[in-house]
Enquirer: 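Can you keep this structure in mind? I'll have questions shortly.
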Amino acid sequence: MRTEVAIIGAGPAGLLLAHLLAQDGVESIVVETRTQEYVAARIRAGILEHSSVELLRSVGLGANIDAHGDEHRGIYLQWPHERHHLDFVDLVGRSVWVYGQTQVQADLVAASEAAGRHVVYGVSDTAVHDLDTDRPSVTFTDADGVQQRIEAEVVVGCDGSFGVSRSAVPETVRETWERVYPYSWLGILADVPPSTDELIYAWHPDGFALHSMRSDTVSRFYLQVPNGTDVTEWSDDRIWDGLATRLGHDQDGWQLTPGPITDRSVLPMRSFVQQPMRHGRLFLAGDAGHIVPPTGAKGLNLAIADVALLAPALSALLRKRESGLADAYSDTALRRVWRCEHFSWWMTSMLHTSDDPFDAQLQLSQLRWVTSSSAGASGLAENYAGLAIGF
Ligand code: RFL
Ligand code: PHB
């Protein structure tokens, strides 16, 4: 096979990149290890930043967000006996949208199919070659067991945190940073209307809890749990009791309504960055280049921001033979990546409890400051609602 851009990974980064390139008339082929059904069913992120929504709307992917998404002015931050609303629209003039990654993925697949784009699902043994030349290639075994090769001008690794692209950058060139957190999230999806109008991020001596949502009838919750937690240790009753305690059921008349749990899983949390995000004719985008803990809701938004920068850079490189934007891509993307890395680490550190009582006092002091000072609140709001793409 021959194409201009070979894209590894059909998650949000890969499919959105293919969509943006096609708008500039640049051809691509996407290869994906999983089946289309598996990718479509994965339950992950839930919040779109202001800039992500603007970008998706500007490229014809906003209709379902406008019809089914839920615009939120802000979030609640709470600790025992106190709940405070931060209104991002008042603070920084930007809102966020509740619109699940599953829905984003479905919109991208629908657009990809409508345009007849080439996505190869169910591949194995993906490998990249000749990255130092202007004829790089990707090889893989297709679902029928046949060896395939895609010859391209550029290869983009959108293959997430367990992909192969990132390790194709030679060790002598790449630098990596990592932080592994001493806790995980137990996440559940429940068929019950949300008990809140906007997300609640709760600090509690028993551990962090988050009340999120997917729609008027589906709620999403997370509980801080120790690393290595076996999901079967958490019965439905234990989950709802833990959420009720941490989220403040019966405090000031607030009630948490439980319901049938339809999905549950444990997510480990880490921060990771690899730089540069380009080596020769290989570019990295999304989780392939960086990972954030989910507390700041940044993972999906960073993936969108990366490809929004990368698509015009590749169009200029391939259409006009201008390399300026492509040469600047890694540095430009990494400025925003590191800002989001810091914000995600900061939100995580402020809200997750440890065994050290000194930490708890620092966290409560920080929470009181963020919810009572307009400077503190605006800092959180600006980062949460999201910085401009290209920041
Ligand atoms: P994705 O979505 O992981 O897509 C990468 C795709 O590449 C495929 N792949 C390969 N394909 C071909 N050859 C190979 N060798 C391949 N290796 C991998 C994979 O099958 C996959 O389809 O990365 P992308 O596109 O960069 O998008 C990033 C976001 O998905 C990610 O940042 C967020 O979902 C992170 N994340 C969350 N972020 C939030 O903001 N809030 C959340 O609640 C939240 N929950 C999560 C998450 C990530 C999770 N992962 C990765 C384990 C929950 C989970 C479970
Ligand atoms: C979610 O709804 O899955 C979600 C929302 C906010 C976060 C993380 C996850 O910070």
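Order of appearance sets the numbers: ligands from 1, and atoms from 1 within every ligand. Every heavy atom of this structure was used, including side-chain atoms; hydrogens, water molecules and symmetry mates were not.
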Enquirer: Using a 4.0 Å cut-off to any heavy atom of L300, which atoms of ligand 1 qualify?
Expert: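 In order of numbering, the contacting atoms are 32 (O).
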
Enquirer: Counting from 1, what ligand 1 atoms have a heavy atom of V164 closer than 4.0 Å?
Expert: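 Matching atoms, with element in brackets: 15 (N).
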
Enquirer: Run the contact test for Y222 against ligand 1 with a 4.0 Å cut-off on heavy atoms, strictly below, and give the result.
Expert: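 Yes; Y222 lies near enough to ligand 1 that a heavy-atom distance drops under 4.0 Å.
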
Enquirer: Is the contact between C158 and ligand 1 made by the side chain, the backbone, both, or neither, using heavy atoms and a 4.0 Å cut-off?
Expert: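 Just the backbone.
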
Enquirer: Counting heavy atoms not belonging to D216, are there more than 12 under 6.0 Å from its CG?
Expert: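 Not buried by this count: 12 neighbours or fewer within 6.0 Å.
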
Enquirer: Could you check atom 2 (O) of ligand 1 against the protein and tell me its nearest heavy-atom contact, residue, atom and distance included?
Expert: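 For this ligand atom, the closest protein heavy atom is R44 NH1, 2.8 Å.
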
Enquirer: Hey, what do you get for CD (Q78) to CG (L367), rounding to the nearest 0.5 Å?
Expert: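 Nearest 0.5 Å value for the CD-CG distance: 10.0 Å.
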
Enquirer: List ligand 1 atoms under 4.0 Å from K298, heavy atoms only on the residue side.
Expert: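 Ligand 1 atoms under the 4.0 Å threshold to K298: 40 (O).
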
Enquirer: Nearest protein heavy-atom contact for atom 4 (O) of ligand 1: which residue, which atom, what distance?
Expert: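 Protein heavy atom with the smallest distance to atom 4 (O) of ligand 1: G11 CA, 3.5 Å.
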
Enquirer: Nearest to atom 21 (C) of ligand 1 by heavy atom, R34, R220, E32: which?
Expert: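 When every heavy atom of R34, R220, E32 is considered, E32 comes closest to atom 21 (C) of ligand 1.
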
Enquirer: Return the minimal non-hydrogen interatomic distance between A385 and F88, and the atom names on each side.
Expert: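 For A385 versus F88, the nearest heavy atoms are CB-CD1, 4.3 Å.
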
Enquirer: Short question: side chain of S344, backbone of E341 - any donor-acceptor pair under 3.5 Å?
Expert: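 A pair under 3.5 Å: no.
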
Enquirer: Taking the six-membered ring for Trp, are Y76 and Y201 closer than 6.0 Å centroid to centroid?
Expert: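 No, the ring centres sit 6.0 Å or more apart.
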
Enquirer: Please could you name the atoms of ligand 1 that G9 approaches to less than 4.0 Å, counting only its heavy atoms?
Expert: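 Atoms satisfying the 4.0 Å criterion: 6 (C), 7 (O), 8 (C), 11 (N).
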
Enquirer: Is a side-chain donor or acceptor of D142 paired with a backbone partner of V146 at a separation under 3.5 angstrom?
Expert: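 Confirmed, D142 side chain pairs with V146 backbone.
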
Enquirer: For ligand 2, indicate whether the residue R214 contacts it via side chain, backbone, both or neither (heavy-atom separation under 4.0 Å).
Expert: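 Contact part for R214 vs ligand 2: side chain (C-beta onward).
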
Enquirer: Side chain or backbone of L210 under 4.0 Å from ligand 2, or both, or neither, by non-hydrogen atoms?
Expert: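 Near ligand 2, L210 shows its side chain, while the N, CA, C and O stay back.
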
Enquirer: For E178, does the CD atom sit with more than 12 other heavy atoms under 6.0 Å from it, leaving out its own atoms?
Expert: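 It does: E178 CD has more than 12 such atoms within range.
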
Enquirer: Would you check the N or O atoms of S161, main chain and side chain alike, for any that come under 3.5 Å of an N or O of ligand 1?
Expert: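 N/O-N/O distance under 3.5 Å: no.
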
Enquirer: Within the 4.0 Å heavy-atom shell around G286, which atoms of ligand 1 are there?
Expert: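 Selected atoms, number and element: 26 (O).
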
Enquirer: Does Q101 approach ligand 1 within less than 4.0 angstrom via side chain, backbone, both or neither, non-hydrogen atoms only?
Expert: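 For Q101, the contact with ligand 1 is made by the side chain alone.
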
Enquirer: Among all protein heavy atoms, pick the one closest to atom 8 (C) of ligand 2 and tell me residue, atom and distance.
Expert: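 The protein heavy atom lying closest is P294 O, 3.3 Å.
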
Enquirer: Any donor-acceptor pair under 3.5 Å linking the side chain of D230 with the backbone of T232?
Expert: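 Yes, because the side chain of D230 sits within donor-acceptor range (under 3.5 Å) of the backbone of T232.
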
Enquirer: Tell me which one of G299, G160, P294 gets a heavy atom nearest to atom 23 (O) of ligand 1.
Expert: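 Comparing heavy atoms across G299, G160, P294, the nearest one to atom 23 (O) of ligand 1 lies in G160.
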
Enquirer: Is the charged tip of R264 near the ring of W234: under 6.0 Å from the six-membered ring centre and within 45° of its axis?
Expert: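 Negative - R264 is either too far from the ring of W234 or too far off its axis.
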
Enquirer: If the cut-off is 4.0 Å to any non-hydrogen atom of A297, which atoms of ligand 1 fall inside it?
Expert: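 Close to A297: 40 (O).
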
Enquirer: With respect to atom 3 (O) of ligand 2, which of W185, Y222, Y201 exhibits the smallest heavy-atom separation?
Expert: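 Of the listed residues, Y222 has the closest heavy atom.
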
Enquirer: Less than 3.5 Å between some nitrogen or oxygen of L267 and one of ligand 1, yes or no?
Expert: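 Not met; the criterion fails.
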
Enquirer: If the contact criterion is a heavy-atom separation under 4.0 Å, does R44 count as touching ligand 2?
Expert: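 R44: in contact with ligand 2 (<4.0 Å).
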
Enquirer: Check the orientation of F343 and Y384. Use parallel for under 30°, tilted for 30 to 60°, and perpendicular for over 60°.
Expert: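 Judged by the thresholds at 30° and 60°, the geometry between F343 and Y384 is perpendicular.
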
Enquirer: Would a line drawn from the ring center of H249 to the ring center of W240 be shorter than 6.0 Å?
Expert: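 For H249 and W240, the ring centres are not under 6.0 Å apart.
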
Enquirer: If only side-chain N and O atoms count, and only distance matters, is there a donor-acceptor pair under 3.5 Å linking Q251 with E82?
Expert: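 The criterion, which ignores hydrogens and geometry beyond distance, is not satisfied for Q251 and E82.
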
Enquirer: Does T33 reach ligand 1 with a nitrogen or oxygen that is under 3.5 Å from one of the ligand's nitrogen or oxygen atoms?
Expert: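 T33 vs ligand 1: N/O contact under 3.5 Å present.
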
Enquirer: Side chain, backbone, both or neither: which part of S212 comes within less than 4.0 Å of ligand 2 when only heavy atoms are counted?
Expert: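 Side chain only; the backbone of S212 stays clear of ligand 2.
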
Enquirer: Run down the list T126, L302, D306, V30 and name the one with the heavy atom closest to atom 15 (N) of ligand 1.
Expert: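 Of the listed residues, T126 has the closest heavy atom.
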
Enquirer: Give the single entry among G163, G187, A45, A127 that approaches atom 44 (C) of ligand 1 most closely by any heavy atom.
Expert: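 The option holding the nearest heavy atom is A45.
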
Enquirer: Which of parallel (below 30°), tilted (30 to 60°) and perpendicular (above 60°) describes W185 and H352?
Expert: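 W185 vs H352 ring planes: parallel.
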
Enquirer: What do you reckon, are the aromatic ring centroids of W345 and Y181 less than 6.0 Å apart?
Expert: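 Here the rings of Y181 and W345 have centres that are no less than 6.0 Å from each other.
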
